Each structure stands twice: as C-alpha cells, then as structure tokens.
2 protein chains.
Amino acid sequence: MTEAVSRPTLEAVAALAGVSRATVSRVVNGGDGVREPLAERVRQAVAELGYVPNRAARSLVTRRHDAVAVVIAEPEARVFADPFFALQLRGISKELTAHDNQLVLLLTEGRDDHARVARYLAGGHVDGALVFSLHLDDPLPGLIHDAGVPTVFGGRPDWGDDPRAGRSAGVVYVDCDNRGGARAAVRHLVDLGRRRIAHLTGALDQTSAVDRLDGYREVMADVPGGADARLVVESDFTPAGGERAMRTLLDRCPDVDAVFAANDLTALGALRVLRESGRRVPEDVAVIGFDDMLPVTEQTEPPLTTVRQDIEEMGRLMARLLLHGLPGGRDRVALRADTPPDGGVILPTTLIRRASA
Amino acid sequence: MTEAVSRPTLEAVAALAGVSRATVSRVVNGGDGVREPLAERVRQAVAELGYVPNRAARSLVTRRHDAVAVVIAEPEARVFADPFFALQLRGISKELTAHDNQLVLLLTEGRDDHARVARYLAGGHVDGALVFSLHLDDPLPGLIHDAGVPTVFGGRPDWGDDPRAGRSAGVVYVDCDNRGGARAAVRHLVDLGRRRIAHLTGALDQTSAVDRLDGYREVMADVPGGADARLVVESDFTPAGGERAMRTLLDRCPDVDAVFAANDLTALGALRVLRESGRRVPEDVAVIGFDDMLPVTEQTEPPLTTVRQDIEEMGRLMARLLLHGLPGGRDRVALRADTPPDGGVILPTTLIRRASA
DNA sequence: TTGAAAGCGCTAACAT
DNA sequence: ATGTTAGCGCTTTCAA
C-alpha cells in the first residue's frame, strides 16, 4: 500500500518538549504523575507534531489491542438486512468508539468460515468478541468458547445439549425480555376482553421466537379455552410470512379476535391480510407486534400497538459488558437490567399502546 | 481484559524446529528461499504449537496493518438497514478475508464523527479505506482525501465544487452503470410501444438517483412528447415513497402507460397503488424497477422486470482495487469493467425481463 | 540457503 | 516526579 509519510514518534515529541520518552508516554496515557507545567509542554508538542500513538507498538508491549471483533453469522442475506442488526451495530460502534476501541467485523457463512473465525479469535488479535448467533444448534458459540476469548453474545444463545452451557462456562449474553414482553402483550389483549388470541410465531430456530412463544403460552394457559393449538401459527419474522400465517389462521380459526405477532414485520403482513378479508382492526381483531420499529409501527394503518425493546441499547450494553464487566475487565459496570441465573443480562421491554390494540 | 494464555512465538517454533527465527519467518511468509525438508520441519512445528503470528509485532516492522477501514456514513438508520449495504459488505468481507485483511468498521453520524474518522484514518491504523458516502455535499470524501489514505469510494462520490475532484486527485470509485441501466429500462419500455413513460426518482441527494434520472431523460428526449416534466416524480427509494409518488403521478398523468422506478422498493410501492387504482400490470401500465433484489422482485405480483446490478461484486471489486489496484498496491488487477475518465470503475447492468414489463 | 543481529515505537520497571 | 533502560515479537539487512 502507499507509503504513508512516517508519522512522528514519541521520540520526536520528547525531543521537541525537551523531556524523556517516558514522560511523553505518561502524558499521552492519562498524565498521572506528571507535574502540570511539564504536562502542558508535552501536550503542546503533541499537538504541534500531530502525534498519534502507534497502536502496533503499544499492543506489542501492553498485550492489549483495543479492538473487539463483532461476529455475525449470516446464513441468509436477510439476517443482515434486518434493521435489527443495523441498530445493534450502531450501539456497539458508539460504545467502542467512546472507549477508543476498534470494531473488527467478521461476517460468516457456513462451516468453513466458522473454523476461520475460531482461528482468528484464538489467534489473539482482539481483546474480545461480540457474537450474534441467531440459530439453534449453531456450532459457533461452542467454537468461540473453546477459543478462550472473552465473549458477549447478542441474544440468548442456544447451547443445545452442550454441557458447557450457562454461567458455569462463564457465558454472558444480552437479550431483551422476550418472554416478559410477550406476556405483557397477551395480557393486554386479555384485558381488552379478547379470548380467541392467536400468535404468529417468529422463526422458531431462533431463541427470541421461542421465548416469545413461551410467554404467549404462559398467559394463555390461564385463559379459558386459550390452550387451543390452532391459534398458534408458525411464521418467520417477515411480512410475507406474516401474510401467509394470517391466511392460515383465518382459515383455521375465523373467530379469532386478537393477534399477537412475533414482530412488527409479521404484524404488517397480518394487517394487510386482515384488511383484505374485510376485518376491522382493532374492532374485529386486535393486533400487537414486537420490536417497535418506528418506520413500521407508526406508518401502519392503524398505527401498531407493540412491545418496544431498545435495540441500540442492547448493542451498547454488549460492548460495555465486554469492556468493563467481564472477569479481568477494567471494572464492573452498574446495570439497570435483570440478571437471570444463566449468565445473561435481560433488558426490559415496554408495551407501546397505539391504535391497533 | 482476560489474560490470554501467552501464544507461542517465532522463537518457540524456531527452537522446536531446530532453526533460526529468520527461517521460520521466511516459511511463515511464503517460504521463498528455504529448502524443502527444512521448510517442512518448520511447518510441522508451527502446526504442533498452533503458532499464529503476532500482527502487532509484524506491523511494527512492516509498517503495514493488513487492515482496511470501511466507513459508512449513516445519517439515517435506514441507510444501513438497506440490503444494499449488507450485500456490499459481504463482498468486501469475502475479498478482505481471502487476503487475510481485517475489516475495521467505522460508522458515522454527523459532523463530530467526521472529524473522528478523518483523524483515525490519518492516524495510519489501516492500510486503506472503503468509503460509502451517499449524499451530495458530504464533507467526508474531502476530509478523507486530505487524510492521505488510499481510498476507494462505493458509488460515485459527489465532489460538488471541490476542485480536488476526479482522477487528478487520484480518486477511485466503484459504481454500477446507473445511467446505462436506466437507459436500457426506458428503451425497453419504448420498444414495448409505451409512450407515456414516467420515472419515480430515488432520493436525489444521492448520485445513483441523479444518474438514473439522467439515463431516463436521455432516452425520453427522443420520444415524441417524452419531455413532459410531469412524468417525473421525486421519491426516495422506499416503498412508502413509491406509493406516494405513484399517487401523485396518477393524479397528474392518468394516461401514464409505463413506470420506471428508481429501485425495486419504489416499484413495490407503485405496484400496490396501481393495483389499488384498478390498473392492470403490465397491460395498462408496465413497471420496471432497479437493483433486482430477489426477495422483492420475485415476490411481487406480477414478478418485477428490473435492472440487475451485482452488488456483492461491487463490494468485492472495491476491496480488490484497494488491495491490488492502487498506486503502491502489490500489483494491478485486471478488470472486466468500464473505466470512465473520472477515476471510477463502472460495473455493467443487465435488464431482467419478468412479467411486469 | 541459513543464521545473527539490529531495530520498528512503545510501555513499564527500575533508578534517580 | 522524571529519566534510563530493557524488552514486546517480528522482519530484514548483512554475513557466513
């Protein structure tokens, strides 16, 4: 690559300021134990020369990299196109940037990449990893665990039958309260007087979909006649899937009077089919989504009641946890979040009432 | 961060193989000038110890980082949620991975971040940058240029009145043939016998939207009565925008018999409104999109005729250009693409005929 | 073809 | 409080 004009070194700054390299280093790294007038002279020199520390040299001695890998398993393009990731990445990026850490992006698709990623992480090029492993039975969590890198997972990982699961293995993840959010949504529908409350699930190979379904079932167990299995239709978090599922549902249970969709996009599809079928929302059928993606929920007709989760904050929290909250981290962070027994951090959800329910 | 168990060093490998560090280094870096039996012994030792080179130490002496920054200006969340970026990133990731380069992701929003990014790039932490600067008058390209880092832009950047523009400044960008693709689309509509051919534009603060509009105009200039300004409705690349624009269009020109939408999402919105208005596609109104996002184009009713561009390939090409094709790069790459006079590389587009036109 | 040795720029332990 | 110095792990002359 192009020969960058050689940047000024500590040496140069030291010379200009008339001090030793060590002193400059101290000032650059926070300036403890350097008397003010001297420190100021150093800062001047730094500014004058436009000095920027050489990360490689620093890493070599500190054995830290100030770099974090973000691993995104992306079997389908859809996964990434999801605004979800965009928001989470944004949160991560902000937090890392604020702490002068680099974000190294690792996209994977398929087995070969898994090995590659594992090797990379084990290679010790980054201080930690933030991993999005959405799918059940994904071998990635296990591989990464074996790599011995401090890791925070985005979303509750599925460990299947793997005995290394849970806190015992030092696993940390951040998720939103999928189950609680689902319960709140369904309870709200119950409070509205609805009884034939259906659920259009998300892709059930993802823990978030499973957890939301569980929440739905918990509440429905107490609703007379609520255990009707026909009220649950499997879908996949997409608008098209929502349409299909809603058609199936109307077919099976024309008497449905409420729908809890696994996410806003699914709700979007459901609304379309409901309108098509001549049903009024919320009069005939109440609809609730999940996520509160504003571009969706505020544009629907009628505006969508939904369960809000702060996705960007999830990302930020993942990064914060990795940087400060992990064993060996610089300090512990105070969390405003639940901490379930399995090593996760669960962010709260809020029911946002709009017109659809 | 956690104290990673200290990885084996060159020294260790050398000891195990019974050779000098220099020899190990040679083998690890390609193995030129090392006799085979020896080289094999070294490889054995590397494997046995699970040796992975320390990038920091290497960078310190080579002054290369094998790292590339991907800068994404993201004023709105939407920008990132676009499948477009996902695909381009994928292409970039693949190419960088294949050459053992790290992808350092830099997300920006707003002025403060610009300065930060410029500082980072100027700081010499990466060997080059891939920059997505979608919006006209974005100061980022200028700042980055000043940072003196080898850079490839994604999409034709707008240099406004900046005199540093173009090849003179060594600017390189990769784009698809927006103008040519638009021409092909409109010509196809003309060949179909359509005369009242409308264009729903993209967000006109992006060069891709401007170029597509230009292509449309070029062809329409030769169509009798084609210069009707009312046939052009400004939109914004979104389905909702497409709906709005289509309504406006039907209002202004009820006699429209063809629509060239700036992208597939816009076409999606347009199709919806056309159906609503009782018009048949393509009998009454033919519709063409742009991008060929399969999840969209294959699912519409009817399936969407569109202009395909290979987005992932654009990303891959950007990375390849940065790694091999830039002044000072390791070697020149052979391109199957046009190279316009202004320093860009333009990938071809193809008209994909489906049922909508 | 292989080895010995000199740093790359920085931090941290030790001296002062 | 400041300076001196010894490496961190690697590549790269230069000698053999």
Side-chain angles (χ1 to χ4, degrees), chain A residues 1 3-43 45-46 49-67 100 123-127 330, chain B residues 1 3-43 45-46 49-67 100 123-127 330:
Chain A
M1 214 95 309
E3 216 52 45
V5 288
S6 64
R7 329 233 105 259
T9 68
L10 259 197
E11 187 77 52
V13 179
L16 180 58
V19 298
S20 75
R21 272 156 35 200
T23 299
V24 179
S25 175
R26 286 179 190 118
V27 173
V28 168
N29 293 290
D32 307 346
V34 178
R35 244 191 277 278
E36 198 33 63
L38 235 201
E40 185 50 31
R41 239 179 40 229
V42 171
R43 274 185 233 107
V46 166
L49 265 45
Y51 169 76
V52 177
N54 180 323
R55 287 176 108 108
R58 180 182 280 170
S59 289
L60 195 52
V61 34
T62 61
R63 288 144 177 301
R64 278 191 6 248
H65 298 85
D66 297 320
D100 202 34
H125 305 302
V126 293
D127 300 324
R330 304 201 243 288
Chain B
M1 215 97 311
E3 215 54 45
V5 288
S6 64
R7 328 234 106 259
T9 67
L10 259 198
E11 186 77 52
V13 179
L16 180 58
V19 299
S20 73
R21 274 154 39 199
T23 299
V24 179
S25 174
R26 285 178 191 119
V27 172
V28 168
N29 293 290
D32 307 346
V34 178
R35 245 190 276 278
E36 197 32 65
L38 236 199
E40 186 49 32
R41 236 173 49 225
V42 172
R43 274 185 232 107
V46 166
L49 265 44
Y51 168 76
V52 178
N54 180 322
R55 287 177 108 105
R58 180 181 280 173
S59 290
L60 196 51
V61 33
T62 61
R63 286 143 182 299
R64 278 195 0 253
H65 298 84
D66 296 320
D100 202 33
H125 306 302
V126 292
D127 300 323
R330 303 201 244 290

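Keep in mind that what you see is a predicted model, and the values were worked out from it rather than measured. In the text below, chain A, chain B and the rest are named by the order of the sequence lines, each starting its count at 1.
In summary, contact between chain B and DNA chain C, defined as any nucleotide atom under 4.0 Å from a heavy atom of the protein, begins and ends at C:dT1 to C:dG9 in the 5' to 3' direction.
Remark: B:Ser20, B:Arg21, B:Ala22, B:Thr23, B:Arg26, B:Gly33 in residues 20-33 of chain B come within less than 4.0 Å of DNA chain C through at least one heavy atom.
Scanning both residues, B:Thr23 and B:Val42, for their nearest heavy atoms gives CG2-CG2, 4.4 Å. The two residues B:Ala14 and B:Arg21 make their nearest non-hydrogen contact at CB-N, 3.8 Å. Of all non-hydrogen atoms in B:Val28 and B:Tyr51, the two that sit nearest each other are CG2-CE2, 4.0 Å. Nearest heavy-atom pair across B:Ala56 and A:Ser59 is CB-CB, 3.7 Å. Nearest heavy atom pair, residue B:Asp100 against residue B:Arg55, reads O-NH2, 3.0 Å. Shortest non-hydrogen contact noted between A:Gly123 and B:Arg7 is O-CD, 3.5 Å.
Rounded to a whole Å, the CZ atom of B:Arg63 is 18 Å from the P atom of D:dC10. What separates NE2 of B:His65 from P of D:dC10 is a distance of 16 Å, to the nearest Å. Between B:Arg7 atom CZ and D:dC10 atom C1' the separation is 16 Å, expressed in whole Å. With rounding to whole Å, B:Leu60 atom CG is found 12 Å from D:dT12 atom P. Put simply, CG on B:Leu10 is 4 Å from P on D:dC10, counting in whole angstrom units.
Close to D:dA1, at under 4.0 Å from its OP1 or OP2, lies no side-chain N or O of A:Arg35.
Judged by distance alone, the side chain of A:Asp127 and the main-chain N or O of A:Arg64 form no donor-acceptor pair under 3.5 Å.
The CG atom of B:Asn54 sits 6.0 Å away from the NE2 atom of A:His65 when rounded to the nearest 0.5 Å. A:Leu49 CG to A:Thr9 OG1: the interatomic distance, rounded to the nearest 0.5 Å, is 8.5 Å. In this structure, CG on A:Asn29 lies 4.5 Å from CZ on A:Arg58, to the nearest 0.5 angstrom.
Summary of helix geometry: the two end axes of the helix from C:dT1-D:dA16 to C:dT16-D:dA1, each defined by five base pairs via their C1' atoms, are inclined to each other by 40° (rounded to 10°).
Looking only at side-chain heavy atoms (C-beta outward), A:Val19 and A:Arg26 stay at 4.5 Å or farther from each other.
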